[in-house]
2 protein chains.
Amino acid sequence: MVGKSLNTRQKILHLGEQLLKGKGLNAFSYSDISSALGVKNAAIHYHFHGKQDLLLAIIEENITRFDEIIKKTGDKQVDVWDKLQAFLDIYISNIENNHQICLFGSLASDFLTIGAAEQVNLKSFAEKILEWLGGALAEGKALGKFKFEGDPRTRAVTVCATLAGGLQLARITGKQDFYELVEQVKADLNAK
Amino acid sequence: MVGKSLNTRQKILHLGEQLLKGKGLNAFSYSDISSALGVKNAAIHYHFHGKQDLLLAIIEENITRFDEIIKKTGDKQVDVWDKLQAFLDIYISNIENNHQICLFGSLASDFLTIGAAEQVNLKSFAEKILEWLGGALAEGKALGKFKFEGDPRTRAVTVCATLAGGLQLARITGKQDFYELVEQVKADLNAK
DNA sequence: TTGCTTACTTACTGATAAGTAAGTATATTT
DNA sequence: AAATATACTTACTTATCAGTAAGTAAGCAA
């Protein structure tokens with residue numbers, strides 16, 4: 001029985017990410033995945049040795065997707081507002097996908113309990129995001145398109161924190177709050 | 001063997017809250033509590049019928065503590081900056097207490113899996129916070145002490161989200177980022 | 001056609017989870 | 001002094017978890 005196996009790994013990875021961002025690392029089990037995919041638990045162990053490995057693969061896929069955004073918007077021709085929007089779209093796609101929260105928001109509560117390799121990966125991913133976003137913010141400010149006070153990295157931290165926390169709060173109070181928050185983040189940065 | 005029992009309930013409640021904000025709802029067990037307190041699991045069941053009940057009690061204690069802040073700062077004599085600082089201090093005490101994240105941040109990932117009673121409680125708590133903070137922000141703006149654009153409630157959502165997300169991001173990137181974020185929140189609101 | 005690899009399943013283990021029923025020691029009430 | 005309430009413990013159950021060892025069917029490679 002091959003054929004269906006061609007993309008079982010991808011399906012596990014995708015569903016695992018959905019579950020991670022939907023229920024949290026410790027609230028989903030291998031059975032959630034296997035039953036949904038019509039395979040057995042052992043099939044997951046075949047593709048990912050343990051839950052840690054699955055988590056690591058999920059983190060790495062998120063890094064890959066972010067790298068693609070960096071690449072696509074890396075061109076100096078791309079307007080800083082489009083760069084910002086590409087970043088905001090990550091969060092918007094999360095909330096539109098069954099009220100998911102972002103990877104960092106989901107893993108923050110578990111951060112002190114996950115393996116060292118996952119912590120290091122997550123940390124370097126965070127720094128990559130802050131560097132890229134901080135760079136885009138600084139670029140926008142230099143061009144007179146963004147307005148903000150203080151260090152660009154600190155501003156990037158604030159924007160990331162606001163969006164991550166916004167997804168979470170909106171899970172409790174409703175989507176509307178998140179969309180208003182996004183508009184406010186944009187309005188606050190708007191130089192005119 | 002009474003005597004030590006006088007405050008076992010309080011100790012369970014307190015430790016449960018620490019664990020909830022430290023490891024997340026699904027990552028801590030009754031054994032974590034019982035072993036730390038030198039009692040048996042059944043003792044926890046005696047004080048709190050199930051984990052849901054413990055969670056509900058933790059949420060209610062957080063509401064009680066917030067109500068005390070409202071009461072203490074309810075006086076019109078209290079400066080709006082002191083009101084804001086009282087709110088910020090909640091988050092600062094969390095990060096200083098073993099890098100804890102806030103109640104909403106911790107429960108956001110589990111929100112879709114907890115009981116209806118806990119969801120309702122958490123939701124009304126969120127609205128209470130937003131109403132109070134939104135009121136304080138509006139008051140400050142009217143007095144010319146705060147400066148911000150847009151609806152006070154939306155601004156309150158943004159401030160809450162920023163602080164909640166900030167605690168989580170700082171767990172990964174370090175405390176310094178959180179303190180700089182707090183200063184930025186204050187600077188952004190400062191009318192002068 | 002034999003052997004190897006891929007992609008699983010079957011059947012199991014050991015650990016740990018929440019939860020419960022029944023018993024017990026102490027303190028309080030009557 | 002007897003009854004009752006409080007605050008547990010002991011001993012257990014049931015469920016579920018991640019993980020593993022061994023087997024298997026299909027495809028490919030020599």
Side-chain angles (χ1 to χ4, degrees), chain A residues 1-20 22-59 106-107 109-119, chain B residues 1-20 22-59 106-107 109-110 112-118:
Chain A
M1 210 184 283
V2 178
K4 76 167 177 180
S5 65
L6 223 135
N7 47 5
T8 297
R9 196 194 129 97
Q10 286 299 315
K11 284 179 184 170
I12 293 168
L13 200 54
H14 182 250
L15 190 53
E17 184 178 347
Q18 302 287 113
L19 287 163
L20 175 63
K23 300 172 69 176
L25 184 66
N26 290 301
F28 82 85
S29 68
Y30 274 30
S31 295
D32 288 331
I33 297 176
S34 58
S35 64
L37 297 183
V39 296
K40 302 295 166 182
N41 274 4
I44 306 173
H45 285 286
Y46 170 76
H47 290 289
F48 304 93
H49 178 258
K51 212 177 179 184
Q52 300 268 48
D53 302 79
L54 176 57
L55 175 59
L56 200 59
I58 293 171
I59 294 171
S106 176
L107 288 174
S109 54
D110 307 300
F111 186 69
L112 305 174
T113 68
I114 63 177
E118 290 76 32
Q119 286 191 348
Chain B
M1 209 184 284
V2 179
K4 77 167 176 179
S5 65
L6 221 136
N7 45 8
T8 297
R9 198 194 128 96
Q10 286 298 318
K11 283 179 184 170
I12 294 168
L13 200 55
H14 182 249
L15 190 53
E17 184 178 346
Q18 302 287 112
L19 287 164
L20 175 64
K23 298 172 69 175
L25 184 65
N26 291 301
F28 82 85
S29 69
Y30 274 30
S31 296
D32 289 331
I33 298 176
S34 58
S35 63
L37 298 183
V39 297
K40 302 294 164 183
N41 274 3
I44 305 172
H45 285 285
Y46 170 76
H47 289 289
F48 304 95
H49 179 258
K51 213 177 178 183
Q52 299 269 48
D53 302 78
L54 176 57
L55 175 59
L56 200 58
I58 292 170
I59 294 172
S106 176
L107 288 174
S109 53
D110 307 302
L112 305 174
T113 68
I114 63 177
E118 290 76 33

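Each chain gets a letter, A, B and so on, in the order its sequence line appears, and its residues count up from 1. Below, each value reflects all heavy atoms present in this structure, side chains not excepted, and no hydrogens, waters or symmetry copies.
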Find the distance A:Lys40:NZ to C:dC12:P and express it as a whole number of Å. 14 Å
Hey, does the side chain of A:Asp32 reach the backbone of A:Ser29 with a donor-acceptor pair shorter than 3.5 angstrom? yes
Atom-pair distance (CG on B:Leu37; C1' on D:dT9), nearest Å: 15 Å
Ranking C:dG19, C:dT10, C:dA17 by distance to the side chain of B:His45, first place goes to C:dG19
May I ask you to evaluate whether A:Thr8 reaches the phosphate of C:dA7, defined as a side-chain N or O under 4.0 Å from OP1 or OP2? no
Between CG of B:Asn7 and P of D:dT6 the distance, given in whole Å, is 17 Å
Is the shortest side-chain N/O distance from A:His47 to OP1 or OP2 of C:dA7 below 4.0 Å? no
Select one nucleotide: of C:dA17, C:dT9, D:dT9, the one nearest the side-chain heavy atoms of B:Val39. D:dT9
Which is true for B:Lys51 with a 4.0 Å heavy-atom rule: it touches a base, it touches only sugar-phosphate, or it touches nothing? sugar-phosphate
Of all residues at least two apart in sequence or in a different chain, which pass the salt bridge (Lys or Arg N to Asp or Glu O under 4.0 Å) check with B:Glu17? B:Lys21, B:Arg65
With respect to the side chain of A:Tyr30, which nucleotide from D:dA18, D:dT10, C:dG19 is positioned closest? D:dA18
Rounded to whole angstrom units, what separation is found between the CG atom of A:Asp53 and the P atom of D:dT20? 10 Å
Side-chain atoms of B:Ala42 come closest, of C:dC8, C:dT20, D:dA21, to C:dT20
Find the distance A:Asn41:CG to C:dA11:P and express it as a whole number of Å. 15 Å
Shortest non-hydrogen contact from A:Lys40 toward A:Ser34: C-CB, 3.7 Å
I want to check one thing: is the phosphate of C:dT16, taken as OP1 and OP2, less than 4.0 Å away from some side-chain N or O of B:Ser31? no
Ignoring backbone atoms, establish whether A:Ser29 has a side-chain N or O less than 4.0 Å from OP1 or OP2 of D:dC17. yes
Taking side chain as C-beta onward, heavy atoms only, is B:Leu13 less than 4.5 Å from B:Phe48? yes
Going by heavy atoms in the side chains, are A:Tyr30 and A:Lys51 under 4.5 Å from each other? yes
When the distance from CZ of B:Phe48 to C1' of D:dT6 is rounded to whole Å, what number comes out? 15 Å
d(CD1, B:Ile44; P, D:dA7) in whole Å: 16 Å
Name the residue closer to the 5' end of DNA chain C, choosing between A:Ala43 and B:Phe28 according to the nucleotide with the nearest heavy atom. A:Ala43
Starting at atom CG of A:Asn26, determine the distance to atom P of D:dT16, rounded to an integer number of angstrom. 17 Å
For the side chain of B:Tyr46, counting heavy atoms from C-beta on, which of C:dC8, D:dA7, D:dA21 is nearest? D:dA7
